[in-house]
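Residue numbers begin at 1 in each chain, while the letters A, B, ... track the order of the sequences. What you see is a predicted model; the values in this text were computed from it and never measured.
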Number of protein chains: 2
Amino acid sequence: MARPRQFDEAAVKSALRDVFWEHGYEGASYANIMTATGLNKGSLYASFGDKRALYQHAISDYALSHLAPGVAMLRDKSLTPQDRINNLMTTLVQAARTQQGRWGCLLCNAAIDQSPFDADVEKSVAEALSTLRKAIKLCVKDTTAEDKAELIWTAYFGGHVMVKAGFSKAVMRTHRAQVLSLFA
Amino acid sequence: MARPRQFDEAAVKSALRDVFWEHGYEGASYANIMTATGLNKGSLYASFGDKRALYQHAISDYALSHLAPGVAMLRDKSLTPQDRINNLMTTLVQAARTQQGRWGCLLCNAAIDQSPFDADVEKSVAEALSTLRKAIKLCVKDTTAEDKAELIWTAYFGGHVMVKAGFSKAVMRTHRAQVLSLFA
DNA sequence: ACGTTAATTGAACGTGTGGTCAAGAAGTGC
DNA sequence: GCACTTCTTGACCACACGTTCAATTAACGT
């Protein structure tokens with residue numbers, strides 16, 4: 001070992017995640033990426049690989065930093081299933097019409113602008129989406145919404161589309177209420 | 001009036017719609033656009049304006065060619081409300097794992113990759129999405145799903161996300177069944 | 001038939017893109 | 001202190017991008 005890295009790998013990865021999250025794959029230029037990470041191209045290539053590889057890192061980081069906590073919450077037995085789904089849908093209400101909220105969900109964004117064109121992205125995204133699907137399924141098990149897991153699943157991501165489209169918190173509140181009414 | 005246009009405007013617009021639908025705004029290059037329309041840059045600029053204008057034309061054409069028929073179907077009183085929603089969700093089943101199906105829904109794609117960056121796109125997309133929302137609302141009026149219009153709305157677009165992500169027809173059939181179970 | 005007017009062409013432009021590389025900087029181990 | 005190894009820097013590359021425009025082509029009105 002000789003000269004050690006001068007950057008915090010975790011910090012760089014989360015910066016990568018944020019740039020791609022905000023701008024999308026094609027929308028994020030190396031100018032953006034360099035500013036966000038504080039590294040220049042050479043270091044990025046040496047440490048992580050090409051742009052597609054950076055994007056993959058962004059997706060994995062998102063899975064750890066944002067998806068995993070959500071999944072854990074959905075499995076939190078100290079909350080009722082209804083409360084857990086309420087929490088999930090509340091994130092949409094909170095996201096509506098806010099700056100970062102309109103970044104949407106990186107998985108959803110990646111599914112739409114890269115899944116059909118990049119097999120690796122397609123695989124990572126499909127796995128992550130499946131993880132959430134299973135978590136919801138487990139959450140609603142033995143409730144009145146037991147047979148509506150996939151519906152809640154798509155409603156959540158459809159909600160993200162609406163947030164991106166710019167719909168209001170009021171709309172997302174209505175949406176949340178309707179999802180929760182499945183437990184009635 | 002002197003030399004008339006040598007192309008069919010409607011055909012060019014639907015070609016435009018298809019290119020952007022398949023590749024997204026940034027993913028569609030002028031090379032793609034020229035091949036698809038059969039026109040070269042000069043004519044495109046003279047007839048329609050810059051790339052953003054082309055994209056707007058694509059969105060309007062989609063609204064006419066794809067959204068409007070869907071909305072009409074949702075208002076078709078010769079079908080039961082349940083059958084109409086069934087038709088809507090069946091389009092997702094049919095789209096799954098097919099080439100064009102994975103283009104997804106242009107409105108959904110536009111919402112995700114352009115709405116936050118282009119106010120004109122944001123407006124057109126939001127209007128189109130609102131139109132579908134209203135159509136669904138009207139459709140389910142006086143049924144047991146009366147208070148679940150927004151849920152069906154987001155479930156539909158969330159379904160498109162899943163189709164883009166590459167999920168199977170079987171998954172989309174399950175999803176459809178769950179949506180239809182709202183009428184039980 | 002001819003002049004006018006508009007549509008079409010394709011080459012050219014500047015810019016920004018993702019990607020590369022040789023030189024320099026900065027630690028490590030002896 | 002010195003040699004070695006790794007990381008970092010920033011200039012550089014070829015190319016593709018969206019856009020423009022002068023020249024050419026072709027239909028219309030008279």
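- Judged as a ring-ring contact (aromatic ring centres under 6.0 Å, His included), the pairs with a partner in residues 164-184 of chain B (not counting sequence neighbours) are, in order, A:Trp153-B:Phe167.
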Give each protein N/O atom lying under 3.5 Å from an N/O atom of nucleotides 13-15 of chain D, with the pair distance.
none

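- In this view, A:Lys123 satisfies the side chain to side chain donor-acceptor pair (under 3.5 Å) rule with no residue, not counting sequence neighbours.
- Looking at residues 42-54 of chain B, you'll see B:Gly42, B:Ser43 sit with a heavy atom under 4.0 Å from some atom of DNA chain C.
- Residues forming a side-chain contact (heavy atoms from CB on, under 4.5 Å) with A:Lys169 (at least two apart in sequence, or on another chain): A:Val93, A:Ala96, A:Thr98, A:Arg173.
- Every residue meeting the ring pair (Phe, Tyr, Trp, His ring centres under 6.0 Å) condition with A:His66, not counting sequence neighbours, appears here in chain and number order: A:Trp21, A:Tyr62.
- Distance, B:Arg5 CZ to D:dC28 P: 15 Å, rounded to whole Å.
- Annotation: side-chain contact (heavy atoms from CB on, under 4.5 Å) contacts of A:Glu22 (sequence neighbours excluded): A:Trp103.
- With a 4.5 Å cut-off on side-chain heavy atoms, B:Phe48 and B:Val12 count as touching.
- A:Tyr55 meets the ring pair (Phe, Tyr, Trp, His ring centres under 6.0 Å) test with A:Phe20, A:Tyr25; sequence neighbours excluded.
- Between B:Lys137 and B:Glu150, at least one side-chain N (NZ, or NE/NH1/NH2) sits under 4.0 Å from a carboxylate O, which counts as a salt bridge.
- Rounded to an integer number of Å, the gap from CD of B:Gln6 to C1' of D:dT25 is 8 Å.
- Note: CG (B:Asn40) to P (D:dC21) measures 16 Å, nearest angstrom.
- Put simply, CZ on A:Phe7 is 10 Å from P on D:dT9, counting in whole angstrom units.
- Residues that satisfy the side-chain contact (heavy atoms from CB on, under 4.5 Å) test with B:Ser29, not counting sequence neighbours, are B:Ala31, B:Asn32.
- Residue pairs satisfying the side chain to side chain donor-acceptor pair (under 3.5 Å) criterion with at least one member in residues 104-121 of chain B, sequence neighbours excluded, are listed as follows: B:Arg52-B:Gln114, B:Arg52-B:Asp118.
- For a distance-only test at 3.5 Å, the side chain of B:Arg3 qualifies as a donor-acceptor partner of the base of D:dT25.
- The stretch residues 16-32 of chain B has no heavy atom under 4.0 angstrom from DNA chain C at all.
- Remark: A:Arg176 engages A:Thr90 in a side chain to side chain donor-acceptor pair (under 3.5 Å) (not counting sequence neighbours).
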